[in-house]
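One structure below.
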Amino acid sequence: MATETEFGAPLTPGASQVERLIADLNPPQREAVEHGEGPLLMLAGAGSGKTRALTHRIAYLVATGQARPSEILAITFTNKAATEMRERVERLVGGVSRLMWVMTFHSACARILRSDAERLGYKRAFTIYDQADSLRMVKRCMAEFDVDPKRFAPRAVQAQISSAKNRLLDAEAYREEQSSFFEETVADVFGLYEKRMHEANAMDFDDLLVRTVDLLELNADIRDRYQRAFRWVLVDEYQDTNRAQYRLLQLLCEQHRNLTVVGDESQSVYSFRNADIRNILDFERDYPDATVVKLEQNYRSTQTILEASNAVIAQNRDRKPKNLWTEGDRGDSIQVAELDDEHAEARYVAAEVERLCAEEGIARDEVAVFYRVNAQSRVLEDTLVRFELPYQVIGGTKFYDRAEIKDAVAYLQFLANPADAVSFQRIVNSPRRGIGQQTEARLISHANTTGADVWDVIREAERVPGLGAAAQRAVRRFADVMVALRDRAESSASVAELLDAVLRESGYLEALEAERTIEAEGRAENLQELVGVAQEFDANREVEGDSDVRPLDEFLAQISLLSDQDSMREGESLITLMTLHNAKGLEYEAVFIIGCEEGVFPHSRSIEEGNLEEERRLCYVGLTRAKQQLYLTCARRRNLFGGHGHNLPSRFLTELPDELVARQVSAPRTGWSGARGGEREAVLGGSFGSGGGLPDTDDLRKQPSPSLVQFRTGDDVIHASFGEGVVTSVEPGSVVVVRFAGDGAERKLMADYAPLRKAS
DNA sequence: TGCTTCACCATTTTT
DNA sequence: TGGTGAAGCA
């Protein structure tokens with residue numbers, strides 16, 4: 001390991017140190033690492049060792065004395081990626097890595113804004129609103145304009161505003177560009193939203209980028225400062241940058257032009273978040289002197305998996321030609337299974353996972369199941385529980401999205417930022433303290449009209465017009481609690497202590513305890529966990545002893561930029577379930593992609609909107625996550641949101657070359673006509689014969705039950721424990737209702753799982 | 001004010 | 001199917 005040296009000074013440029021950094025790199029990787037000044041584009045295919053190239057490049061720049069550590073800005077999109085990169089760089093260069101900025105776009109912007117937001121008329125302790133907070137604000141602004149939320153969905157308005165910001169348009173510029181009534185309305189709301197956000201001293205996620213761009217554009221001195229500070233800028237996942245991020249990079253690099261971007265246009269799957277694939281496709285036009293390096297050797301997957309991935313992505317037109325290859329083995333065929341419905345699909349997955357773990361020696365935490373929409377996880381979860389296979393779901397409801405966590409954080413936010421009206425709204429009557437919507441609305445509108453902070457308004461409740469005596473008393477009580485907490489906030493350096501006091505003195509915990517329900521207990525536990533997070537923060541902070549920023553502000557900034565991916569657990573022997581979007585950047589020994597059906601994946605919406613290329617890229621991302629085993633499944637029937645649909649297999653399945661695939665089709669369970677023996681397994685264009693491939697669905701079940709048997713109303717049946725009965729009705733989802741002779745009771749049973757058979 | 005009921009609606013979402 | 005939000009009622 002490299003030894004730490006004097007502040008900012010290059011490491012001993014010992015030849016061996018430098019050599020070690022480029023040893024074990026393949027030629028294009030080496031070229032990227034050794035590239036000196038000037039723009040560099042790394043087109044890095046999936047699994048081609050781009051993080052390695054990037055981290056080694058950073059280390060190389062430092063080791064050769066071209067860069068001081070403090071001159072490096074390395075940007076990623078996720079905290080997880082940032083953490084990983086930081087760790088890997090530290091392993092290469094040692095403790096001097098602390099002088100580098102290795103972080104996400106949003107963290108970097110937040111940090112820049114913390115020190116200079118005053119130039120834009122913000123106070124330093126601005127609050128970062130997440131999407132939910134920002135939506136609240138949008139709703140409030142819509143209400144002020146009397147916009148009917150039924151006519152215009154607040155979410156849609158928010159999306160419009162967000163996308164405008166990401167294109168660096170302000171409300172006026174947006175208005176000029178638009179024409180429809182909806183867009184006119186959005187423009188109005190947009191304008192007010194910006195005003196109210198500013199008044200609340202709050203920024204949403206987009207603001208972090210946009211305001212930083214503003215800051216640098218409007219202030220030559222600050223721009224100059226950062227241009228000189230970050231002489232070397234490196235960006236990961238460049239294909240996912242939007243206009244604002246693009247502009248930010250431009251501003252930072254226009255002098256020195258030492259911009260390295262790494263990306264793969266074939267993995268651009270966030271256009272709906274305003275990522276602009278043009279940024280990477282046109283990089284060479286923007287920087288004509290750019291060096292382009294292609295990383296095509298893959299170190300992750302088998303040849304079979306790569307060929308399949310290449311074949312699928314080759315269907316896309318809008319891409320730079322690239323072909324992944326490997327020196328590795330051919331590996332096994334890709335398994336494509338067509339199942340009856342989503343339950344059969346889930347059973348197939350569970351049984352295969354079980355087999356892989358038992359027979360192939362694959363660890364459970366090396367298995368992942370990907371799906372297109374979160375709703376698909378439920379059936380799978382039910383089945384995994386039944387199979388007693390432990391799993392974790394990434395995505396869905398996040399820790400920081402839980403109501404109680406948001407409440408607690410809102411208390412802290414309001415303490416840190418007395419103008420924060422959204423946080424105020426959240427906590428003012430939680431726990432209940434007799435301040436209803438009326439009172440709350442009066443307080444807010446009084447703040448709006450007088451231009452005072454909400455904080456000051458509640459402290460002088462008697463001045464607010466229209467408040468009754470009871471309301472005034474309630475507000476006064478609330479204000480007293482908050483003032484006491486704020487005193488504590490100012491005197492104590494510990495965020496954990498403050499949080500603890502907040503939870504107690506606000507009566508929040510008390511109210512939870514009074515509920516005496518399991519849920520409330522769970523919520524109290526979650527809050528305890530949050531206190532734990534704060535304790536950890538306190539502890540780390542004491543070590544690092546950071547500057548002039550108030551601990552509370554720093555804590556809030558940190559957790560508001562946290563996401564669910566960060567909670568992913570490793571090494572606990574859990575199968576991982578997530579959407580394809582969340583899969584980017586990860587890898588597993590065995591990967592299942594379920595729901596490969598037209599309308600599900602590709603999603604019907606994307607088909608309608610003609611976004612097939614992006615869906616295909618998403619497919620490519622999914623396929624290239626697999627190291628050894630790859631399974632794709634589809635179901636002939638699927639119940640999504642109550643209704644049931646019949647879907648054709650996904651076009652992506654037909655795009656897989658036949659010779660790489662073992663296709664299996666389970667017995668069609670056609671209606672209630674019963675299974676026809678001869679057709680239990682058909683073969684779809686592929687290689688497998690009957691009998692060998694798909695395990696009979698019977699074998700997949702945990703509990704033995706005679707399954708392909710179909711029950712009909714009126715059938716006499718025998719249950720292993722309830723005895724004889726008769727089927728009184730059959731419900732969707734293989735549920736049969738049976739009236740048992742023994743006690744005359746009706747029971748609903750899962751036809752597929754219950755130990756139930758027809759009486760002969 | 002607060003609870004219940006009913007209608008509606010439903011990709012993906014790094015921050 | 002289930003989660004959300006607004007109207008309706010005690």
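Here is the naming used below: chain letters follow the sequence lines, and residue numbers restart at 1 for every chain.
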(request) Using a heavy-atom cut-off of under 4.0 Å over every strand shown, decide if A/Glu614 touches base, sugar-phosphate, or nothing. (result) nothing
(request) For the side chain of A/Arg605, starting at C-beta, report the closest nucleotide among B/dT14, B/dT11, B/dC3. (result) B/dT11
(message) Is A/Asn374 close enough to B/dT12 that one of its side-chain N or O atoms is under 4.0 Å from OP1 or OP2 there?
(response) yes
(request) Tell me whether the OP1 or OP2 atom of B/dT11 has a side-chain N or O from A/Ser604 closer than 4.0 Å. (result) no
(request) Could you tell me whether B/dT11 is syn or anti, where syn means a glycosidic angle within 90 degrees of zero? (result) syn
(message) When you measure from the side-chain N and O atoms of A/Lys584 to the phosphate of B/dT13, is any distance below 4.0 Å, counting only OP1 and OP2?
(response) no
(message) What is the distance, to the nearest angstrom, from the CD1 atom on A/Ile161 to the P atom on B/dT13?
(response) 22 Å
(message) What is the distance, to the nearest angstrom, from the CZ atom on A/Arg433 to the P atom on B/dG2?
(response) 12 Å
(message) Please determine whether a side-chain nitrogen or oxygen atom of A/Asn429 lies at a distance below 4.0 Å from atom OP1 or OP2 of B/dG2.
(response) yes
(message) Is it the case that atom CD in A/Glu609 sees more than 12 heavy atoms from other parts of the structure closer than 6.0 Å?
(response) yes
(request) Starting from P on B/dT1, measure out to CD on A/Glu440 and report it in whole angstrom. (result) 10 Å
(request) Provide, to the nearest angstrom, the distance between the CG atom belonging to A/Leu612 and the C1' atom belonging to B/dT12. (result) 15 Å
(message) Rounding to an integer number of Å, can you tell me how far A/Leu467 CG sits from B/dT1 P?
(response) 10 Å
(request) First locate atom CG of A/Leu530, then atom CD of A/Glu404, and finally report the distance between them rounded to the nearest 0.5 Å. (result) 9.5 Å
(request) Using a cut-off of 6.0 Å, state whether more than 12 heavy atoms not belonging to A/Gln438 lie near its atom CD. (result) no
(request) From the options B/dT14, B/dT1, B/dT12, select the nucleotide whose nearest atom is closest to the side chain of A/Thr78. (result) B/dT14
(request) Quickly work out the A/His581 NE2 to B/dT11 C1' distance and round it to whole Å. (result) 8 Å
(request) Could you check which of B/dT1, B/dT11, B/dT13 has an atom nearest any side-chain atom of A/Thr439? (result) B/dT1
(message) Any side-chain N or O of A/Arg155 below 4.0 angstrom from OP1/OP2 of B/dT13?
(response) no
(message) Could you tell me how far C/dT4 sits from B/dT13 if I compare only their P atoms? Round to whole Å.
(response) 16 Å
(request) May I have the distance from A/Gln239 (atom CD) to B/dT14 (atom C1'), rounded to whole angstrom? (result) 11 Å
(request) Over all heavy atoms of both residues, which pair between A/Thr633 and A/Ile594 is shortest? Give the atoms and the distance, please. (result) OG1-CA, 3.2 Å
(request) For nucleotides B/dT12 and C/dG5, find the distance between their P atoms and express it as a whole number of Å. (result) 16 Å
(message) What is the separation between atom CZ on A/Arg473 and atom P on B/dT1, rounded to the nearest whole Å?
(response) 13 Å
(request) Using the ring of A/Phe126 (Phe, Tyr or Trp, six-membered ring only), decide whether A/Arg211 places NZ or CZ under 6.0 Å from its centre and within 45 degrees of its axis. (result) no
(request) For A/Asp206, report the nucleic acid contact type (base, sugar-phosphate, nothing); a contact means any heavy atom under 4.0 Å. (result) nothing
(message) Does A/Tyr270 reach a base, just sugar-phosphate, or nothing at all? Heavy atoms under 4.0 Å.
(response) base
(request) Give the nucleotide from the list C/dT1, B/dT13, B/dT11 with an atom nearest to the side chain of A/Arg273. (result) B/dT13
(message) Any non-hydrogen side-chain atom of A/His343 less than 4.5 Å from a side-chain atom of A/Thr383?
(response) no
(message) Closest approach to the side chain of A/Phe272, judged atom by atom: which nucleotide of B/dT11, B/dT12, C/dT1 is it?
(response) B/dT12
(request) Using a 4.0 Å heavy-atom cut-off across all strands, classify A/Glu615 as base, sugar-phosphate, or nothing. (result) base
